[in-house]
Amino acid sequence: MEEILSQLNDSQKDAVLYNDGPSLVVAGAGSGKTRVLTYKIAGLLQSGYEPGRILALTFTNKAADEMKVRIDDIVGAGVSRRLWMGTFHSIFARILRHEAEKIGYKSNFSIYDTADSKSLIKNIVKEMALDEKKYTPKAVLSRISQLKNSLVTPDVYRNHTDWQKNDAYAKIPRLSEIYSTYFARCYKACAMDFDDILLYTNILFRDFPEVLAQYQDLFQFILVDEYQDTNFAQHLVVKKLAAIHHHVCVVGDDAQSIYSFRGANIDNILKFREVFPDCRVFKLERNYRSTPNIVKVANSLIAKNKKQLPKNVYSEQKEGSKVKVISSYSDLDEASSVVAQIDRFVSSGKYKYKDMAVLYRTNSQSRVFEEALRKRSIPYKIHGGHSFYQRKEIKDVLAYFRLVLNPDDEEAFRRVINYPARGIGNTTMGKISEVALRAGISYWEVISDPLRYNLPVNAGTAAKLANFRALIHGLSEIVDSDNAYDFTKKVVDCAGIRADLESDQSAEGLSKLENLDELLNSIHEFCESKREESDEEATISEFLQKVSLMSDVDEDTEDNDDKVTLMTVHSAKGLEFKNVFIVGVEEELFPSDMSLKSEDGIEEERRLFYVAITRAEENCVISYAKLRFRNGVTNSTLPSRFITKDIDEKLLDLPEDYMSRSTSSRNFSLWDDGESSYSSYRSGRNAVSKPWSRSIREADPEPMPRSTTYVAPRNLKPLPKVSAEVFAPSVSVPEPMPNTDGIEVGCWVEHERFGRGTVLEIENVGGDVKFTINFQNLGEKKILQKYAHLKNLGK
DNA sequence: GTAAGAAAAATTTTT
DNA sequence: TTTTTCTTAC
């Protein structure tokens, strides 16, 4: 214990030593948060707590694994394995598999990833014969996700009149039905999506108090990392589990809450004290990562946010150089200036390439930097794109695993029924789906007994189906006896996956084959380490459980390569680099144009920018361009408000052409002479317009085709009135109709490319305004305000 | 059932 | 601009 404490500062020590009740550790950027968490757990273990009675929740497997290593270093090898330590999803899934039958599931339930969820939603929308433009899988899933994260079940949603009215207003009146159907279909497939894992844990603890009591008693101490990123569902479980022992310690930084779009609720950390009134608050304010100059800039920025916990982050390092702002003519120039600077840093001999990171708001910004780096032959690595386990060829193999382990898994079924191609195409799949829907059974049940369910297929197709059935059946006979590696080899060969990939001699095909071998390797490794650990064979079920909840950040990265890192600011969270270049710091890009609608949106973007700045240890460079090529067009841009309004000017090393903010910010525009349409577009869009309400058409009660109705699998009790909880979860209503520049139905407008036309209809779709315009030359077109820069010519 | 060609869309993404 | 999705023709 002494040894542990000697490595901590006073405030860290206080946080580590307080174990008598609830505590909130507000950990400023770079303040040694992980250190506190690991030492606290190590301390608990040393003072006699059973590892099996400590629950420690993180957001990534990587974070959990790193802490386990550090804990083992302190208290002895292997101890961390006995902790209940892992991501919310993996720990909750573990509990759910154990208690599955209580909530009507089987413990072998599949986990649908986002792609599976979207595919299912797409099918449901099709089956209901709804407008697929209006009900896009992405939008529907994000809404369902929001609802689940706020613990609103389909029944509760259906019976909530206000929400129904909002959906009708937003022209998505059938959302509630889609949600119910999606929920029922997941249940029928014995599958849970990521959000279900949190939702069902809540249902379990709500409906089975004796189960809750058992876990409440088991977990004598609960620790949660990154609390600012928890959603309501996660928060409520933590609250409930801590209700008996009251030994809960949550760690986080409200200033780094950047995942609200995924359901994270910053209020969970801001109002933690209201939930646990006897909670002690510890603040870690000393930043060990960055120079005072960087910390001051970050502080000066974040001070502009209203919603935050008071704290004073400081650094005791040498002052360091000022945060530098560079301005470029265009995005291309920006890339070459930044890369030139990188080159200079490295040529000075003081830094290596791996000390450099280029951080941007959107992935699409990476391209120009890649090109600029390549031009100078500077090695770089890009973080982004999809993870190994999301690749098609890998997902296909995993889908076989899933189907064998859980034949009711409809998304797995869809994926493998005709892969590799075996002549069972869309037509047959459509028939199977129709029969399954009508009989209320799974696809697998349909093809298990096609005669009984009158599947209308010819003899040839029936034979193909029988072959497929035999294949899956054969695999299911060996799935429990074979170890994961042997089983995978059989799947790959028997299903003809290897043969299929080998037949493709293109570069793409070869890389797929390589990936397949890579998968086999990783399964082999998985088996080896299991054998080392417990002297037992690893099953494919265990492997699948692990990878279903794994993301790309969890994959090993060869950190030793001397390469410049390119990544989004989001993925940089938690990392640090000696030199950081934050690029594209322009209005409508950073802050993102999608965030400008609300103050909360801007505050989150500001936190995101805060995260970006605080990644830097020694040098932080902020860059903007005056012209940016985006979505096929070049636009003139303004430097971000974060530079021009938020950060104290005195703290920055500003570029020569920078107009002081005491003069008009319009001076930033290149186009002030009015010769260009850009400046009129900008001033036009910001102009005050007439009230929008008059131009909205009444929601038309257009008769919809009848949908197939589903019977909910089980009558789940509605959750208690959500508002009765301490925090009302924020289920946001659809955005009000935004500013239309006074454009009303009947107005004449002018479009840059399409010319003049009259407005026939104005709709609100997902926060954007969609105009239906009858153009003089081109006829009727639908146009989003976000992209079309319409000029109002009046009635 | 595939392949080519047209059309439409276009944040961030810890599980 | 690129990327994904939808249509159409073989």
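Everything numeric here is computed off the predicted structure, so don't read it as measured data. We name chains A, B, ... by the order of the sequence lines, and we start the count at 1 in each one.
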Practice task
Measure from the side-chain heavy atoms of A/Lys122 and tell me the nearest of B/dT11, C/dC6, B/dT13.
Solution key: C/dC6

Practice task
Consider the side chain of A/Ala421, meaning its heavy atoms from C-beta on, and name the nucleotide among B/dT13, B/dT2, C/dC6 that approaches it most closely.
Solution key: B/dT2

Base, sugar-phosphate or nothing for [X]? Non-hydrogen atoms, less than 4.0 Å.
X: A/Ser592; result: base
X: A/Arg630; result: nothing
X: A/Glu226; result: nothing

To the nearest Å, give me how far apart [atom1] ([X]) and [atom2] ([N]) are.
X: A/Lys126; N: C/dC6; atom1: NZ; atom2: C1'; result: 10 Å
X: A/Lys573; N: B/dT13; atom1: NZ; atom2: P; result: 12 Å
X: A/His570; N: B/dT12; atom1: NE2; atom2: C1'; result: 4 Å
X: A/Leu549; N: B/dT14; atom1: CG; atom2: C1'; result: 12 Å
X: A/Leu359; N: B/dT11; atom1: CG; atom2: C1'; result: 16 Å
X: A/Phe590; N: B/dT11; atom1: CZ; atom2: P; result: 16 Å
X: A/Met429; N: B/dG1; atom1: CE; atom2: C1'; result: 16 Å

Exercise for the section: Take atom CG of A/Asn426 as the centre, draw a 6.0 Å sphere, and report whether it contains more than 12 heavy atoms from other residues, nucleotides or ligands. Expected result: no

Problem - A/Ser571 side-chain N/O to B/dT12 phosphate OP1/OP2 under 4.0 Å - result: no

Handout entry: Phosphate OP1/OP2 of B/dT13: any A/Asn363 side-chain N/O under 4.0 Å
Key = yes

Exercise for the section: Spell out yes or no: do the side chain of A/Asn631 and the base of C/dT1 have one donor N/O and one acceptor N/O closer than 3.5 Å? Expected result: no

Exercise for the section: Using distance alone, with no hydrogens and no angle criterion, decide if A/Asp193 and A/Tyr182 have a side-chain donor and acceptor under 3.5 Å apart. Expected result: yes

Problem - Positive for salt bridge (Lys or Arg N to Asp or Glu O under 4.0 Å) with A/Asp409, one of A/Arg402, A/Arg415, A/Arg414 - result: A/Arg402

